[in-house]
2 protein chains.
Amino acid sequence: MPKVSEEHREARRRQILDAAWVCFARNGFHKTSMPDVFAEAGLSAGAVYRYFPGKEALITAIAETSMRQLVEILDAHLRAPDLPPPEELLPELMEDLTALGGSAPAPMAPQVWSEMMRDPRIAGAVAGTLGDIQQRLAEMCRRYQAAGVLAPGLDPGDTARVLVALIQGWIIQWNTMGLAAHQQITAGVRGLLTRAPRSATHG
Amino acid sequence: MPKVSEEHREARRRQILDAAWVCFARNGFHKTSMPDVFAEAGLSAGAVYRYFPGKEALITAIAETSMRQLVEILDAHLRAPDLPPPEELLPELMEDLTALGGSAPAPMAPQVWSEMMRDPRIAGAVAGTLGDIQQRLAEMCRRYQAAGVLAPGLDPGDTARVLVALIQGWIIQWNTMGLAAHQQITAGVRGLLTRAPRSATHG
């Protein structure tokens, strides 16, 4: 396929997803109709359906895109010479996610999680990317263990799953309770994670 | 008011909430109409509207009831002679929540969080009960500190907020990814929280 055409396809796909994002953020997934998305994107029904057969495909693609952005954020940290200290990792990830747009991180995520519960196809479609996120976090745990700032006996996969759950709850807290909740969780995480090496040194 | 009448009111209110729960679980909040709730409850529109003016009032009451059940679970732990070890507290709370019904804890919660983001009145209505949950978890942190199994320098309020976020993410993981995710988080939390006292003793 010629390069211009692929670029065009990707730009068109992006244009539709951006329009769907605006609609879902404004009215929620269920109160948004496909014609709302056509209007917001300024495209015909046929032009949109060529890329996405329905709302489920749109929310799945939005989830996949957002989670892929988190994978890229994690990869950027893994490529850097050093990871942030463990107690700064999650606060930095939350700030990185928020920098992607909006006043709180991943504002579409709670709607995605609700839909995943009701439509296992969405859960199935994002399972691979969720696995990529967990794999990167597990790799970070291994590096922290190698650096002696995380207990060597911890299972990196289990620990990564706890971090994913904490990130998810943090997203909910920040989106539903505001910036003060984020700041309190940040302080709490710093307290919990900076404590361990100190107790090993001074305890 | 006579006692029988109050009991009747409470039973009727419970009957409507149970019907709304069934409808929301089956079709989701947005695809449920008030007539669906009337039909499920076997009550007239007037009988339901006397208690709940609309769907937002129903989801708020369901959220409030579920969170109140968590407060009662926490109070039961606080009344017991001893708290579970820190690494067993959250796994036990998750099992307690699941025992209230369903195959995973708080299956309505992700829908509630989505709605809280779009309707600040819901967030406002449950803020008091959320504060009660955090206050109980902070009290548990203080007891753990007094027992020497949690670092004395940690702020109980900040730590409680982290626990709330972790519980929320855990609920999402269990509901969207199944029992295996719950078991992995349980193992991860046990690893992270049993580690600290050991490092203080043997480190």
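What you see is a predicted model; the values in this text were computed from it and never measured.
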Trainee: Which of residues 165-177 of chain B get closer than 4.5 angstrom to chain A, counting heavy atoms alone?
Mentor: B:Ala165, B:Leu166, B:Gln168, B:Gly169, B:Trp170, B:Ile172, B:Gln173, B:Asn175, B:Thr176, B:Met177
Trainee: Contact part of A:Ala127 toward chain B, heavy-atom cut-off under 4.5 Å: side chain, backbone, both or neither?
Mentor: neither
Trainee: Count the heavy atoms of every other residue, nucleotide or ligand shown that sit under 6.0 Å from CZ of B:Arg121, and state whether that count exceeds 12.
Mentor: no
Trainee: How long is the span from the CZ atom in A:Arg118 to the NE2 atom in B:His30, to the nearest 0.5 Å?
Mentor: 10.5 Å
Trainee: In terms of heavy-atom proximity below 4.5 Å to chain A, should B:Pro107 be classed as side chain, backbone, both, or neither?
Mentor: both
Trainee: At a 4.5 Å cut-off on heavy atoms, which part of B:Ala104 comes close to chain A: side chain, backbone, both, or neither?
Mentor: neither
Trainee: Where is the tightest heavy-atom contact between B:Val162 and A:Leu192, given as atom of each residue plus distance?
Mentor: CG1-CD1, 3.9 Å
Trainee: With rounding to the nearest 0.5 angstrom, report the CZ to CD distance, B:Arg161 to A:Gln183.
Mentor: 10.5 Å
Trainee: Would you name the heavy atoms of A:Ser114 and B:Ser114 that are closest together and state the gap between them?
Mentor: OG-OG, 3.2 Å
Trainee: Less than 4.5 Å to any heavy atom of chain B: does that hold for the side chain of A:Ile122, its backbone, both, or neither?
Mentor: neither
Trainee: Pick from B:Thr186, B:Leu163, B:Asp155, B:Asn27: which one has the most heavy-atom pairs with chain A under 4.5 Å?
Mentor: B:Asn27
Trainee: CG/B:Leu154 to CZ/A:Arg190 distance, rounded to the nearest 0.5 angstrom?
Mentor: 14.0 Å
